[in-house]
Protein chains: 2
Amino acid sequence: METRVSDPSPHILVVDDHRDIRETLARYLIKNGLRASTAENAAHARKALKAASVDLVVLDIMMPGEDGLSLCRHLVETGAMPVILLTAMADDTDRVIGLEIGADDYVTKPFNPRELLARIRAVLRRTSLAPRERDPIEQELLHFDGWSLNVSRRELKDADGTSVALSSGEFQLLCTFLKRPKMVLNRDQLLDLTTGRTPAVFDRSIDNQVSRLRRKIEADPKDPKMIKTVWGGGYMFTADVKDQAE
Amino acid sequence: METRVSDPSPHILVVDDHRDIRETLARYLIKNGLRASTAENAAHARKALKAASVDLVVLDIMMPGEDGLSLCRHLVETGAMPVILLTAMADDTDRVIGLEIGADDYVTKPFNPRELLARIRAVLRRTSLAPRERDPIEQELLHFDGWSLNVSRRELKDADGTSVALSSGEFQLLCTFLKRPKMVLNRDQLLDLTTGRTPAVFDRSIDNQVSRLRRKIEADPKDPKMIKTVWGGGYMFTADVKDQAE
DNA sequence: GGAACTTGTAACAAAGTGTGTCGGGACGGC
DNA sequence: GCCGTCCCGACACACTTTGTTACAAGTTCC
């Protein structure tokens, strides 16, 4: 009755070009019951976001290469992922820009880890319960091989328009694939991305879910065309995915 | 700008240390047929309360100097003056404290002026200081999948316009969903948001209310389209919600 | 006080999911 | 090709979560 599958501890991605900062911070977060990953620049951060399920990003605004701000903008615009910015100084400009772009909070360096932790918790609480603004209802519709998946309605329809019921696990798995087409994902990644769990020793749950999903969406589940098995590597979604507004 | 001698329209005092917020809000209230005054801190608020007949106070809980909470406590204890709190964030602590002290309602910043107006009217009506509105312009109407819910009248109508009776628990649950569409809410959150209770060990009351609500609003309660179950996670309202003036 | 209604609790049925096992197939060395 | 080893698909089964019904306690309104 204790550890429920539904709430694995939140996963924080720390993006900072200073190694000591990001590692210390990650250790501190983990010690306090969160999960944490690190990335040293925007490019690595993007990869990490694709490969694992992240609940919140702590982002240094001043980084070489792609600017932290542009990554932040991207995150806020696309994924509705909460972002906390780290700014070098208590510079009002940074602050205003950051909050304007849509960052959920910001912390100035040098910061107190405990304060940052408190803000992380506050943002997570807020984003998980705050009433939704009622403006842009974006119908996320994903098309692949005649199928169409309405992500916000959790509805899958075949070429004829008849809807096929998906269980939560199947829906989650399909979403994971559709967001990362033509990309080999191993079982651990899939498990993390779909449920947030860490793999057991001999974990066959992903195999099972893949099998169940294939039975529903493959013409011939024995000879899958969309969800291909990569021997020794995991699975890969091979169909073309087009997202298209309604 | 405000005092017309025998004007029965309710008088609202807005107390907030941010000038732009209180002025914008006051203008908005006036534009919508109320009288409004402003105060930038607790001391000014006390003076204003002595100087004019005020029907309701909108109070920022976070202010320098005398705390908003202490003013709130004073108001509630002495004058039976209705108070609506503004809180900086959806912070449970603030909320609990505020309602414990006796505030009549609370709104989290950033807030929708229209929502605040609706709550002001609701509180005034409740405390029976305001006559019934003459024209129901500001009835909050929420539309979803052919249905429409009149929040202030607690009235649900289907596509044909025939109304369906909801119990208060069902109404509360529906409101909670409509305010947070496309968002997974677990049972504890739903219980808190609808009743404010803390969950019992094996609490199935939410399941039951969901089931009852589905029976009323889903075309096929066995295959619900709007209130989807997230296995291991809770429930999610998947229909598009549009709010629309009458 | 009683009827109608609402709501929480218990109990059972149904669905979703993870684990274990078995057998077939892929891979690599011969 | 042959064969051992490992990986994967499928199935059965246990277990958890959820849907639904029934019922009792509480409430409201005559």
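Naming convention: chains lettered A, B, ... in sequence-line order (proteins, then strands); numbering from 1 in each chain.
- The side chain of B:Ser211 places an N or O atom within less than 4.0 Å of a non-bridging phosphate oxygen (OP1 or OP2) of D:dT20.
- The ring of B:Phe237 has its center closer than 6.0 angstrom to the ring center of B:Phe144.
- Here the nucleotide nearest the side chain of B:Thr229, chosen from D:dG19, D:dG9, D:dA22, is D:dG19.
- The base of C:dG18 sits within donor-acceptor range of the side chain of A:Arg212, with an N or O pair under 3.5 Å.
- Going from atom CH2 of B:Trp231 over to atom P of C:dA14 covers 17 Å, rounded to whole Å.
- Atom CZ of A:Arg154 and atom P of C:dG16 are 13 Å apart (whole Å).
- Closest approach to the B:Arg214 side chain among C:dA26, C:dT17, D:dG19 is made by D:dG19 (side chain taken as heavy atoms from C-beta onward).
- One atom, CG of A:Asp223, and another, C1' of C:dG25, lie 14 Å apart when rounded to the nearest Å.
- Residue A:Tyr235 has no polar side-chain atom (N or O) positioned under 4.0 Å from OP1 or OP2 of D:dC7.
- Counting atom types as modelled, B:Asp203 pairs no side-chain N or O with a base atom of C:dT9 as donor and acceptor under 3.5 Å.
- Taking the nucleotide of DNA chain D with the nearest heavy atom to each of B:Val230 and B:Arg215, the more 5' of the two is matched to B:Val230.
- Taking OG1 of B:Thr238 as the reference point, atom CZ of A:Arg154 lies at 9.0 Å (rounded to 0.5 Å).
- Using a 4.0 Å cut-off between charged nitrogen and carboxylate oxygen, B:Arg187 and B:Asp207 count as a salt-bridge pair.
- At a threshold of 4.0 Å, the pair A:Asp145-A:Lys225 does not count as salt-bridged, since none of the basic side-chain nitrogens sits closer than that to a carboxylate oxygen.
- In this structure, the nucleotide among C:dG16, C:dG18, C:dG8 sitting nearest to the side chain of B:Gln209 is C:dG8.
- Atom-to-atom, CD of A:Glu218 to C1' of D:dG9 comes out at 13 Å; the value is rounded to the nearest Å.
- For a distance-only test at 3.5 Å, the side chain of A:Arg204 qualifies as a donor-acceptor partner of the base of D:dG9.
- Put simply, CZ on B:Arg197 is 7 Å from C1' on C:dG8, counting in whole angstrom units.
- Here the straight-line distance linking atom OG1 of A:Thr176 with atom CG of A:Leu185 works out to 8.0 Å at 0.5 Å rounding.
- Comparing D:dG9, D:dT17, C:dT6 by their nearest atom to the side chain of A:Arg187 picks out D:dG9.
- The side chain of A:Thr195 sits closest to C:dG18 out of D:dG9, D:dC6, C:dG18.
- Side chain of B:Asp207, nearest nucleotide from D:dG9, C:dT9, D:dT18: D:dT18.
- Between B:Ile206 and A:Glu170, the residue anchored nearer the 5' end of DNA chain C, judged by the nucleotide with its closest heavy atom, is B:Ile206.
- In this structure, B:Asn208 places its CG atom 10 Å from P of C:dT9, rounding to the nearest Å.
- Among C:dG16, C:dG8, D:dA10, the nucleotide with an atom closest to any side-chain atom of A:Lys222 is D:dA10.
- Regarding contacts with the backbone of D:dT17, every side-chain N or O of A:Ser167 stays at 4.0 angstrom or more from both OP1 and OP2.
- Rounded to a whole Å, the CG atom of A:Leu191 is 12 Å from the C1' atom of C:dT17.
- Nearest nucleotide to the A:Ser205 side chain, out of D:dC8, C:dG18, C:dT17: C:dG18.
- Distance alone, capped at 3.5 Å, places no donor-acceptor pair between the A:Thr38 side chain and the A:Arg22 backbone.
- Rounded to whole Å, atom C1' of C:dT6 lies 16 Å from atom CZ of B:Phe171.
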